[in-house]
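Below is one structure, written out as C-alpha cells, with a few remarks after it.
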Amino acid sequence: MKGYRTGFLLAVIGNIALAAILVGVWWHYRAPEPAVNAGPNVMAPAIAQGSTEGSTSAAAVMPDAPMTPVQISTQRLQSIGVKTAAVARKPVEDEIRTTGNVAVDESRLAYVQVRYSGYIQKVFVDATYQYVKKGQPLCTVYSPDLVATEREYLVAKQSQDQVTYSTVPEVKSSAAALLDAAIERLKQWGVPQTEITRLDATGQVAQEFTIESPVAGYVTERNALPSVAVQPEMRLYTIADLSTVWVQAQAFQGDLGRIKIGGPATLTVDTFPGRTFRGRVDFIYPQVDMDTRTAKVRVVFPNPGLELKPGMFVNVSLKIPMGQQLVIPASGVLQSGTREIAFVDRRDGYIEPREVQVGARVGDDFVVLSGLKAGELIVTSANFLIDSESQLQAALGSMAPPAAAGATSATNAPQLGVEFESEPSPPRKGSNVFRVKLADASGAPVPDADVSAIFFMPAMPTMGMAAMHASVNLGDKGKGLYEGPGNLESGGTWQVTILARKNGQVIASKQFSVNASGGM
C-alpha cells in the first residue's frame with residue numbers, strides 16, 4: 001500500500017511538471033503579441049526625443065506670421081504715437097569710419113648723395129628733424145678727383161684760347177675736345193652750372209664744394225659728420241617734404257568693394273579740435289591682414305601748414321558717393337523673421353504691411369531696392385504695435401467662419417455692451433473658464449447669440465516662438481450670460497477679440513488685452 005501511494009505521488013508530480021512545461025511552451029509562442037504592444041513603451045524615450053528635435057527644428061524654420069492691412073482710428077494712432085515719413089529719392093553718400101596713422105609721402109623723399117669720393121669739411125645741418133629750405137647749404141666736401149678735374153678744365157680752356165688763331169685745324173679740334181671732355185666729367189659728377197660759371201670767371205679751383213638741399217623739408221636721416229670719408233654710394237642726408245602726407249587707414253575686408261581710388265576722405269585729430277582736413281584715396285594695398293581682417297588704404301592729404309606729423313593717430317572718414325537712391329528712415333523697417341516689412345500709410349487710418357527689400361544702411365536711412373515708390377508714406381514709430389494688430393487681424397480672418405452674403409460688418413454692427421470675466425481672474429496658463437455678458441443699449445440682456453472668444457499672441461521670432469491662438473465657443477447660460485472652458489498655452493499678454501453673431505450677422509465685437517499668469 002505504501003508503494004502504491006509513493007507511485008501515485010510521483011505520477012502527480014510528473015503530470016504537474018509536464019503541464020508546467022506545456023504552459024511554458026505555449027507562453028513562449030504567445031509572447032510576440034504583447035511584445036509588439038510593449039514596443040512603443042520601450043522606444044518611448046527615443047520617440048519623445050525625436051519629437052523634441054522636430055519641434056526645435058520647426059521653431060528654427062518657423063514661418064513668418066501672416067499679416068493683413070488694418071484700419072485704425074485717428075485717435076488711436078495718436079494715442080500709440082504713430083509717426084510717418086515720406087519715401088524719397090535723393091543723392092546718397094555712404095561713409096566708412098576708421099582710424100589710421102600719418103606717414104611720410106614716400107614720393108616726396110629726397111636723398112642727398114655725391115658722385116665722387118672725398119672728405120667732409122664743414123657741416124651746417126647737424127641734427128635730424130631740422131627743417132631746411134630748398135637750396136640751403138648742408139655741408140662742404142673736399143674731393144681730390146674733383147679738384148684735379150677742375151684744373152684739367154682750366155688747362156683745356158687756356159689751351160683753347162692759345163690755339164684760337166692757329167691755322168692747323170687738328171690743333172683747334174684737339175683743344176676743343178679736351179675742354180668738352182672736362183666739362184662733361186664735371187657735369188657727370190653733379191657739379192652745377194653755377195660752379196662752372198664761377199670757374200670760368202675766377203680761374204681758381206675750389207678746394208671745398210658746397211652740398212645744397214634739393215627740397216624743403218625735415219631731415220629724417222643724417223650721416224654727414226666732419227672729416228668722414230665720402231663715397232658715391234653713401235647717403236649723406238634724407239629729407240622729407242611734408243607739404244603732403246600719407247595716412248595709412250585700416251579698412252575691413254567687407255568694405256573694400258565700396259572704396260574707390262580717388263574718392264574723397266576727411267581727417268580729424270584730437271590735436272586740432274574742430275579742424276577737418278580733406279584728402280583723397282590714393283591706393284588700396286593688395287593684402288589683408290589675417291589677424292585683423294583689415295587692409296591698408298592709403299589716403300593723401302595736403303599739409304601746407306605742416307600740422308600733420310608722421311606717427312600721429314588720426315580718425316579717417318571715407319566718403320562713398322552712391323548717386324541718386326530711393327531711401328527710407330531706418331526706423332521704418334521692421335525685421336520680421338526672414339522678411340523686412342514696411343507699413344504704408346494709405347491715409348484715413350488704413351495701414352498696409354508690405355514686404356520690401358533694402359540695401360545698405362546710409363546714416364539713419366536704408367536704401368530701398370524694391371517694394372516702395374517715391375512719395376509713399378511709411379510708419380516710422382510704433383511699428384511693433386501695428387505689426388501685432390496686423391497679425392491679430394490676419395489670425396482672426398483665418399479662424400472666423402465666413403459671414404453670410406450681405407452680413408453686416410463689425411464696424412457697422414449695433415453697439416452692444418460686452419462684459420468679459422474669467423475664472424480665475426486674471427486667467428492663467430492652462431485651463432480657465434471664460435464668461436461674456438451681452439446687453440443692448442437699454443441694458444437688457446441679449447440671448448440666443450453665438451459668442452466666441454478668440455485669444456491671440458503675436459509671434460516673437462527673436463525668441464523662437466511662433467504665433468499662438470485659441471478659440472473658445474461660449475454656451476448660452478441664459479439672461480445674456482455666455483460661458484465656456486478654454487485653455488491658454490502660455491502666460492503673458494494675450495489679445496482678445498469677442499465676437500457675437502445672431503442670424504449670421506455680427507451683432508457685437510470687442511477687442512482688448514489680458515495678462516495671463518504663468519510662464520511662457
Side-chain angles (χ1 to χ4, degrees), residues 48 51-52 55-56 58-59 62 65-66 70 72 76 79-80 382 384-401 410 413-502 506-520:
S51 176
T52 303
S55 62
T56 303
M62 178 183 62
V70 293
I72 303 177
R76 188 177 179 192
S79 65
I80 63 177
F384 286 102
L385 296 176
I386 296 177
D387 175 52
S388 300
E389 182 75 17
S390 178
Q391 292 186 41
L392 173 61
Q393 294 298 328
L396 294 178
S398 64
M399 290 186 294
Q415 296 301 316
L416 300 181
V418 179
E419 296 180 6
F420 173 84
E421 64 180 19
S422 65
E423 183 180 337
S425 180
R428 65 189 176 191
K429 176 182 177 180
S431 299
N432 300 269
V433 176
F434 302 107
R435 300 185 184 92
V436 170
K437 189 173 183 180
L438 297 180
D440 59 18
S442 63
V446 179
D448 302 326
D450 295 325
V451 180
S452 59
I454 302 171
F455 296 82
F456 177 74
M457 183 177 290
M460 290 179 278
T462 57
M463 298 178 61
M465 292 181 57
M468 293 182 287
H469 55 76
S471 181
V472 180
N473 293 320
L474 307 181
D476 189 356
K477 300 299 182 181
K479 298 183 179 180
L481 180 63
Y482 300 83
E483 180 181 303
N487 184 73
L488 298 182
E489 298 179 31
S490 170
T493 302
W494 289 83
Q495 297 176 355
V496 185
T497 300
I498 304 297
L499 290 177
R501 293 182 176 86
K502 201 169 185 178
V506 176
I507 60 173
S509 174
K510 183 177 182 179
Q511 294 182 354
F512 53 91
S513 298
V514 296
N515 292 318
S517 60
M520 299 294 286

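The first residue of the sequence shown is numbered 1, and numbering continues consecutively from there. All figures in this text were calculated on a predicted structure; none of them were measured in a lab.
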Quiz item: Measuring from R428:CZ to S490:OG, what's the distance to the nearest 0.5 Å?
Solution: 14.5 Å
Quiz item: K502 and D448: side-chain contact (heavy atoms from CB on, under 4.5 Å), yes or no, with the steps?
Solution: CA-CA 7 Å; K502 201 169 185 178; D448 302 326; 4.2 Å; yes
Practice problem: Give a yes or no on whether the backbone of P427 and the side-chain of N432 come within a donor-acceptor separation of less than 3.5 Å. | Solution: no
Self-check item: Between CG on residue L416 and CD1 on residue I498, distance to nearest 0.5 Å
Solution: 13.0 Å
Quiz item: Yes or no on side-chain contact (heavy atoms from CB on, under 4.5 Å) for Q495 and T497, after CA distance, side-chain angles and deciding distance?
Solution: CA-CA 7 Å; Q495 297 176 355; T497 300; over 6 Å; no
Self-check item: Minimum-distance pair of heavy atoms, taken over all atoms of N487 and S431
Solution: OD1-N, 3.4 Å
Quiz item: So, for I507 and A449, which heavy atoms are closest and what is the spacing to 0.1 Å?
Solution: CD1-CB, 4.1 Å
Quiz item: Is there a donor-acceptor contact under 3.5 Å from the side chain of K437 to the main chain of L481?
Solution: no
Quiz item: Closest approach of S471 and I454, non-hydrogen atoms and distance?
Solution: OG-CG1, 4.2 Å
Practice problem: Give the C-alpha distance, both sets of side-chain angles, the deciding distance and a yes or no for side-chain contact (heavy atoms from CB on, under 4.5 Å) between F434 and F455. | Solution: CA-CA 11 Å; F434 302 107; F455 296 82; 3.6 Å; yes
Quiz item: For V451, which of L499, L474, D476 qualifies under side-chain contact (heavy atoms from CB on, under 4.5 Å)?
Solution: L474
Quiz item: Please walk me through it: do S422 and R435 pass side-chain contact (heavy atoms from CB on, under 4.5 Å)?
Solution: CA-CA 6 Å; S422 65; R435 300 185 184 92; over 6 Å; no
Quiz item: Under 4.5 Å between any side-chain heavy atoms of F420 and V514, yes or no?
Solution: yes
Quiz item: Does the side chain of N473 pick up a donor-acceptor pair with the side chain of S452 at under 3.5 Å?
Solution: no
Self-check item: Over all atoms of both residues, closest heavy-atom pair of A516 and L488
Solution: CB-CD1, 4.0 Å
Quiz item: Is a side-chain donor or acceptor of Y482 paired with a backbone partner of L438 at a separation under 3.5 angstrom?
Solution: no
Self-check item: E489/K429 ion pair, N-O < 4.0 Å
Solution: no
